[in-house]
Number of protein chains: 2
Amino acid sequence: MDARITIGQLAKATDTKAVTIRYYESAGLLSPVTRTQGGYRLYTDRERDRLIFIKRARHLGLSLEDVKSLLGLADDENAPCRQVDSIIHEQLERVRSRLKDLQQLERELDRLEQCCQADTVADCKIIESLSR
Amino acid sequence: MDARITIGQLAKATDTKAVTIRYYESAGLLSPVTRTQGGYRLYTDRERDRLIFIKRARHLGLSLEDVKSLLGLADDENAPCRQVDSIIHEQLERVRSRLKDLQQLERELDRLEQCCQADTVADCKIIESLSR
DNA sequence: GCTTGACCCTATAGCGGCTAGAACCTTCAT
DNA sequence: ATGAAGGTTCTAGCCGCTATAGGGTCAAGC
């Protein structure tokens with residue numbers, strides 16, 4: 001336990017790119033425990049778990065800012081769960097709103113696609129529809 | 001007819017910001033017919049219509065690159081409609097794929113939201129789920 | 001003709017979340 | 001001692017705008 005791994009090993013272990021890990025560091029999400037004399041970043045299981053947490057949260061579509069908040073809350077056992085809830089809830093609302101937009105878009109594109117049987121742009125209903 | 005309007009008037013007429021119009025110009029989508037001696041851009045109805053076309057296409061979620069292609073096709077009466085179709089079709093596919101992802105996401109977020117009734121982060125199922 | 005104020009100009013930097021590249025340094029096995 | 005593999009920092013690019021700074025132009029009213 002407490003084994004130290006380099007950024008490349010951490011990257012492989014979590015299926016992340018090393019550049020992305022460095023980027024998360026610059027964004028204040030994940031720091032190496034220490035460095036070698038030559039400046040190589042070193043990580044432990046703790047950071048690996050943290051990175052997995054980050055990836056799962058990102059997979060939910062959360063912004064890095066939200067992920068940062070979640071990490072802060074996760075670090076404090078006494079933090080009110082309500083704040084976690086509200087981050088998730090707001091994301092759910094964003095996703096639902098985006099879904100509505102996309103469904104509307106799908107209908108429009110589908111209608112457009114259906115309506116054109118022409119050969120040339122001169123008779124193209126799609127172009128016509130965009131030009132009105 | 002053939003009245004010349006400034007960028008601000010075009011912006012108001014099409015509900016676009018002047019900076020955005022300039023940006024479209026820099027992207028090769030829309031140029032003023034001419035300029036005043038002092039360098040002010042001047043537009044006619046033709047550019048207004050073109051900008052409306054751009055806005056409609058953007059509203060369909062098309063990239064500026066795609067919009068540019070559509071404009072090129074629209075300018076050529078003899079261009080094959082097939083190319084227009086395929087731009088629309090590919091966009092529809094992208095939208096459908098994104099819809100699938102988002103629906104999956106909605107389910108995950110919904111599940112997460114349901115499962116947490118705790119007071120503090122120590123018992124929070126959401127955090128637990130992210131940490132596993 | 002002159003001033004005022006609304007409008008316009010260019011150039012540059014920033015957003016988010018990475019990704020790519022250059023130019024260099026470290027580590028480790030042989 | 002050497003060479004390959006992997007690490008370092010820094011800078012710039014992607015998309016589609018948006019914001020800011022620091023200036024110039026235009027039309028109207030006096």
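In what follows, chains are A, B, ... by sequence order, proteins preceding strands, each numbered from 1. Computed from a predicted model, the values in this text were never measured in an experiment.
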Rounded to whole Å, please give me the gap between [atom1] in [X] and [atom2] in [N].
X	N	atom1	atom2	answer
B:Tyr24	D:dC17	OH	P	4 Å
B:Glu65	D:dC14	CD	P	11 Å
A:Leu62	C:dG17	CG	C1'	14 Å
B:Arg22	C:dC9	CZ	P	5 Å
B:Tyr23	D:dC15	OH	C1'	6 Å
B:Leu51	D:dC17	CG	P	11 Å
B:Ile21	C:dC9	CD1	C1'	14 Å
A:Arg4	C:dC28	CZ	C1'	19 Å

Does [N] have OP1 or OP2 under 4.0 Å away from a side-chain N or O of [X]?
X	N	result
A:Thr6	D:dG6	no
A:Arg41	D:dG7	no
A:Tyr40	C:dC25	no
B:Arg58	D:dC17	yes
A:Thr36	C:dT27	yes
B:Thr20	D:dG16	no

### Same apolar cluster: A:Tyr40 and A:Leu51, side chain cutoff 4.5 Å
no
[X] atom [atom1]: more than 12 heavy-atom contacts under 6.0 Å:
X	atom1	answer
A:Glu113	CD	yes
B:Gln103	CD	yes
A:Arg35	CZ	yes

Checklist entry - Do A:Arg111 and A:Gln114 have side-chain N/O donor and acceptor atoms under 3.5 Å apart? => result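 The criterion, which ignores hydrogens and geometry beyond distance, is not satisfied for A:Gln114 and A:Arg111.
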| task | Among the candidates D:dT18, C:dT10, D:dT9, find the nucleotide nearest to the side-chain atoms of B:Val19. | result |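 Minimum distance to the B:Val19 side chain belongs to D:dT18.
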Of D:dT9, D:dG7, D:dG16, the nucleotide closest to the side chain of B:Leu64 is D:dG16
